[in-house]
Amino acid sequence: MTRLIFVCAGIWAGVGSLTAAPALAESEARWEAKNAYTLCGGAVNGSLSWPSKPEDACRALHMCANEAQLTSEQYRSLLAEIRRVPDCQAP
């Protein structure tokens, strides 16, 4: 009986640690993920890379223009980056 209680307590402690896991860091998120907007600030300031394919980069840039909360300076940098991607129109 005592073993069962310790096993249950161990399982309960494990469940608690899973629910307390921290949110994904920017570098762990992917451009295709639901939380990709969290990458925008880092990509605009150069600490993260935009997707390598022009079509994917354009999609990410437009997502950032629409969903990320950027400063006016970051938004201007984003528009400049959009102009550098072939066939990517301004939002």
Side-chain angles (χ1 to χ4, degrees):
M1 180 69 165
T2 305
R3 267 195 183 153
L4 179 59
I5 293 171
F6 285 124
V7 170
C8 290
I11 292 171
W12 182 255
V15 170
S17 66
L18 288 176
T19 58
L24 287 176
E26 278 188 350
S27 60
E28 295 175 34
R30 302 175 63 91
W31 283 107
E32 303 84 25
K34 185 176 182 177
N35 65 344
Y37 69 92
T38 63
L39 299 171
C40 297
V44 168
N45 74 25
S47 63
L48 295 173
S49 299
W50 295 105
S52 56
K53 291 182 181 178
E55 313 84 48
D56 296 338
C58 186
R59 186 171 31 257
L61 287 157
H62 279 260
M63 182 269 308
C64 288
N66 292 319
E67 297 181 27
Q69 292 186 358
L70 303 173
T71 65
S72 56
E73 183 179 329
Q74 288 175 316
Y75 191 76
R76 283 191 299 275
S77 296
L78 180 75
L79 293 177
E81 185 65 32
I82 288 173
R83 287 190 288 274
R84 287 191 278 275
V85 176
D87 301 319
C88 190
Q89 304 301 313

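Any value given below was found using the heavy atoms of this structure, including those in side chains, with hydrogens, waters and symmetry copies removed.
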For this session: Report, as yes or no, whether the 6.0 Å neighbourhood of atom CG on Asp87 holds more than 12 heavy atoms from other residues, nucleotides or ligands.
Result: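 Atom CG in Asp87 is not packed in, count stays at 12 or less.
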Problem set entry | Ion pair Arg30/Glu32, N-O distance below 4.0 Å | yes
Exercise. Would Glu81 and Arg84 pass as an ion pair if we require N to O under 4.0 Å?
Worked result: yes
Do [X] and [Y] touch side chain to side chain, with heavy atoms closer than 4.5 Å?
X	Y	value
Cys64	Gln74	no
Arg59	Asp56	yes
Cys40	Gln69	no

How close do [X] and [Y] get, heavy atom to heavy atom, and via which atoms?
X	Y	result
Asn35	Thr38	O-OG1, 2.7 Å
Ser49	Trp31	O-NE1, 3.2 Å
Val85	Pro54	CG1-O, 3.5 Å
Tyr75	Leu70	N-CB, 4.2 Å

Problem set entry | Evaluation steps, side chain to side chain contact (heavy atoms under 4.5 Å, CB included), between Cys58 and Gln89 | CA-CA 8 Å; Cys58 186; Gln89 304 301 313; over 6 Å; no
For this session: Can you measure from CZ (Arg83) to SG (Cys88) and round to the nearest 0.5 angstrom?
Result: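 Arg83 atom CZ to Cys88 atom SG measures 11.0 Å (nearest 0.5 Å).
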